[in-house]
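The structure presented is a predicted model; accordingly, all values stated were derived computationally and were not measured. Below, chain A is the first sequence line, B the second, and so on; all start at residue 1.
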Amino acid sequence: VTEAAEKPLRFARHPWRPQTLKLGLIPYLALQALIAVLFVLLLRQPQPEPPASFLLTAFDLREAGTERAVTLPHFTASRFAMADPPQFTTRFNRADDPLRAQSVFLPRFSNGVEIAINGVAILDSRRDPAANRPDRNTPEIAVIPASLLRDGENVLTIRLFVWGPLTGYLDRVYLGPDDLLRPAYDKRMLRFITLPIVFSAWQAILAVILTIMWVMRRHEPAYGVLAAAMALGAVQALLPTPMGPTAFSRLNAILIASAPFEGALFLTFAVLFFGWKWPRYGFLIFAPGLLLAIVGLFAGQSMVRSAFVLVGVPTVGLCLLAMSVVVAHAVLKRQDMVSLILGCAATIVLTCWISDLLAVLHVIDNGRIFVSRLSYSALLVAIGAGLTWRFARALNEVDSFASNMVTLVREAEDKLRISFAREEARAREAALAVERTRLMRDLHDGLGGQLVSIVALSERGNASPPIGEAARAALKDLRLVIDSMDDIGGDLMLALGSWRERAAAQLRSHDIALEWRTLTAQGLPVHPELRPWHVIQIVRLLDEALTNAIKHSGAQRVTVTIAMLSDATDGDTGCITIADDGSGFALPPDGAAASATAARGLRNMKSRAARCGATLELVSDAGGTRVKLVLPRRFPDGDTAAG
Amino acid sequence: MTLPGDERLTPAITVLLVEDDAPTLWRLQDALTQAGFAVTAAATLAEARASLARHAPRVLLTDLQLPDGHGSELIRETRLRCPDTEIMVISILGDEESVISAITVGATGYLLKDAFPTDIAATVHELVAGHSPISASIARYIVKRTQAHAEPAPLPVLNTARLTPREIDILWGIAKGFSYAEIAGHLGLSKQTVPGHIKSIYRKLEVHTRGEAVFEAVQQGLIKL
């Protein structure tokens with residue numbers, strides 16, 4: 001149970017987890033303001049223009065029957081002038097080098113232009129679908145066929161077609177050598193035509209990816225909504241804007257409703273993505289888009305264009321604002337990189353939208369360069385980055401989960417192996433204990449009872465004391481053998497504890513005191529390799545030493561000392577010393593016979609010590625006998641030194 | 001281990017000795033009588049019960065294998081009817097199986113059948129004086145049971161869950177052959193408190209009723225319901 005509780009913590013502690021940003025509201029707003037200011041400065045950078053020496057600004061404007069001189073750039077008063085477009089006329093001299101191609105370059109106009117040299121039209125922008133989009137900032141360049149140019153003065157006529165929703169606009173016009181005008185034109189084309197197409201393609205790819213994600217993960221509708229927004233954006237960008245009344249013009253007109261739809265879908269995405277509760281009247285944000293589509297279907301293009309300005313643009317702004325709020329809230333709450341990137345992108349788009357709105361309202365003059373659509377790509381970049389981030393994170397999570405699982409499985413295996421080994425040892429131990437119990441019961445009921453009876457009978461006086469003594473010795477031996485079979489976990493002290501009781505009883509019967517000294521709290525080192533037969537050998541050896549002390553020394557006191565010999569290099573070894581205060585072997589009371597017995601006993605003890613790998617040291621003098629048994633560092637497995 | 005001199009002046013301590021093997025009964029009876037105890041002998045469970053009904057002895061010494069039943073029944077009855085009686089088991093080998101099962105019904109330690117007469121008398125005297133002797137092998141058996149593995153089925157059920165860490169430390173000391181003084185020294189106790197701890201160990205190991213024994217066994221997970 002405790003392990004299960006630990007596991008989530010272990011996952012949570014992983015280093016790959018994104019660090020929290022610790023961003024407050026004020027720092028976040030400051031960051032967004034900084035981004036907005038930076039973008040405003042960026043937008044104020046002038047667009048690429050050819051050398052000013054080729055500028056043509058003084059034109060004659062004929063509009064609604066009246067003629068007057070104007071200086072470009074010029075805004076027309078009306079929002080619709082298709083039947084009688086304003087006509088700008090100026091005169092210019094043919095260049096000195098007739099072989100050098102001359103061009104007319106119009107950096108910006110809305111909505112359409114027709115360029116004529118000496119009354120011959122050389123370009124009509126209405127044939128260029130991209131140029132018909134007022135939000136694309138399309139430039140136009142036209143090479144003047146050399147044959148059209150007369151020596152001396154030539155006439156340049158520009159007819160400006162206006163079909164709303166904005167007023168007509170004609171930026172300054174350049175006329176000069178083609179090779180000098182074209183670089184500026186190419187740069188503008190790259191910026192305002194190629195780049196949006198690239199972004200549209202990107203959008204289309206993202207739409208596919210997001211749709212796949214949504215299909216595979218139906219429980220995340222945010223991806224589906226985003227896919228819809230992307231697809232709509234891509235379709236809108238790649239379909240041509242209708243000019244004349246075509247079969248699909250009404251359907252095409254619906255596409256103008258795409259911007260508010262996209263805005264609403266994006267807002268929906270943000271709300272779902274950041275786990276907000278969907279508001280009850282949330283679907284109302286789709287209403288403006290729907291309204292525009294209906295208007296487009298039934299009322300025609302001019303109507304839908306005016307409706308777009310009135311309804312679509314504010315809706316887009318509103319959605320952007322709402323999205324900024326949602327994302328800001330998410331940044332503050334979740335403090336993660338994905339939200340922060342989205343927030344910055346939303347700020348950029350909002351800044352551009354405001355800039356465009358101010359340009360339309362003539363509050364600022366930036367040459368009517370619209371950047372909303374372009375900055376929309378910033379949002380795309382943000383979403384692409386965000387999704388990649390999430391994807392990489394998910395992969396990391398999977399990797400780390402997998403490696404964690406491997407570790408966990410390995411740990412579990414190890415644990416299992418250990419517990420299996422432990423279980424086996426326990427089973428062995430239990431089997432031994434059961435065997436021992438059975439044996440004990442047998443001995444208890446049979447042999448033990450008989451021996452006790454012999455002891456009792458011998459004490460009744462009708463048997464000689466040696467019989468009782470022998471029976472008692474047999475009982476003692478029986479206890480020793482049974483005791484040694486018990487698992488003592490390699491701690492010889494546990495065997496010595498029982499031996500102490502038996503020794504004390506034996507010595508007490510001979511009026512010899514037993515002094516037991518354990519020099520350290522632990523007593524002896526633990527030997528996991530200690531086996532019952534080692535214990536029997538050692539205890540019998542100690543018994544023999546004790547018997548010698550009782551029988552031959554005439555001692556008053558036997559001292560057993562248990563000590564540990566510390567060795568810096570090899571660790572500790574145990575040492576058991578049995579000392580008596582008797583007369584020693586040098587002066588045996590019974591002469592040579594006792595001496596021979598003692599010698600045999602000594603041989604016996606030495607052989608027992610050798611079998612256990614222990615060393616025996618015996619010192620005997622008039623002050624008593626001292627048997628010192630130094631235990632091995634490791635008890636031998638087999639009975640190697642038998643004999 | 002010498003007897004107090006004034007022991008013979010006071011009323012003799014009554015001992016009920018239950019043993020079916022006649023020679024053993026005689027030698028134990030001799031040893032105790034010579035030491036001044038008033039010994040009542042019984043060879044069967046029925047005789048012992050009859051004697052208990054007449055008079056509650058100060059000390060009950062009983063063998064476990066009796067011709068008409070098991071000594072642990074007698075111990076349980078005596079604990080219930082004569083709570084002041086000190087009880088010891090007479091054992092041939094001092095083996096854990098018989099001694100532990102006697103302890104769980106209320107015995108305090110054991111007496112070896114071949115113990116020397118002086119030791120027999122001394123042990124009973126100590127018991128009466130309130131000391132509860134515990135042998136190294138019994139202490140070893142108990143502490144091994146505290147080491148939390150399921151015990152093999154044929155061994156008697158033993159509840160060690162209520163033993164305190166200090167009591168377990170004391171048992172370890174006894175199992176390793178340390179004297180009370182050494183144990184007290186190592187554990188930072190006074191020597192006089194060690195016998196009290198041992199008595200408490202005996203009482204904690206005692207299981208009062210059969211139902212309780214089952215309950216304890218279930219508590220320890222020894223029996224699966």
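- From B:Trp172, atom CH2 reaches atom CE of A:Met493 across 11.5 Å, with rounding to the nearest 0.5 Å.
- Note: B:Ile138 CD1 to A:Ser498 OG = 9.0 Å, rounded to the nearest 0.5 Å.
- Side-chain contact between A:Leu475 and B:Ile92 is present, with at least one heavy-atom pair separated by less than 4.5 Å.
- For the atom pair B:Trp26 CH2 and A:Leu457 CG, the distance stands at 7.0 Å (nearest 0.5 Å).
- In A:Arg540, the CZ atom is crowded: over 12 heavy atoms of neighbouring residues, nucleotides or ligands sit closer than 6.0 Å.
- Here the side chain of B:Arg27 pairs no donor or acceptor atom with the backbone of A:Ala456 at under 3.5 angstrom.
- Between chain A and the residues B:Thr24, B:Leu28, B:Asp114, the largest count of heavy-atom pairs under 4.5 Å involves B:Asp114.
- Closest non-hydrogen pair, A:Arg500 versus B:Phe178, comes out as NH1-C, 3.4 Å.
- Looking at every heavy atom in both residues, A:Trp516 comes nearest to B:Gly177 through NE1-O, 3.5 Å.
- Taking CZ from A:Arg508 and OG1 from B:Thr118, the interatomic distance works out to 7.0 Å, rounded to the nearest 0.5 Å.
- When the candidates B:His186, B:Arg140, B:Gln65 are compared by the number of heavy-atom contacts under 4.5 Å with chain A, B:Arg140 comes out ahead.
- The closest side-chain heavy-atom distance from A:Ser453 to B:Lys113 is not below 4.5 Å.
- Considering only heavy atoms from C-beta on, A:Thr518 comes within 4.5 Å of B:Glu182 through its side chain.
- Heavy-atom pairs under 4.5 Å with chain B peak, among A:Leu494, A:Leu524, A:Ile562, A:Val452, at A:Leu494.
- Heavy-atom distances place no part of B:Ala139 under 4.5 Å from chain A, backbone and side chain included.
- Atom OG of residue B:Ser137 and atom CZ of residue A:Arg479 lie 10.0 Å apart, to the nearest 0.5 angstrom.
- Between B:Ser179 atom OG and A:Glu515 atom CD the span is 10.5 Å, to the nearest 0.5 Å.
- Contact annotation for B:Leu25: neither backbone nor side-chain heavy atoms come within less than 4.5 Å of a heavy atom of chain A.
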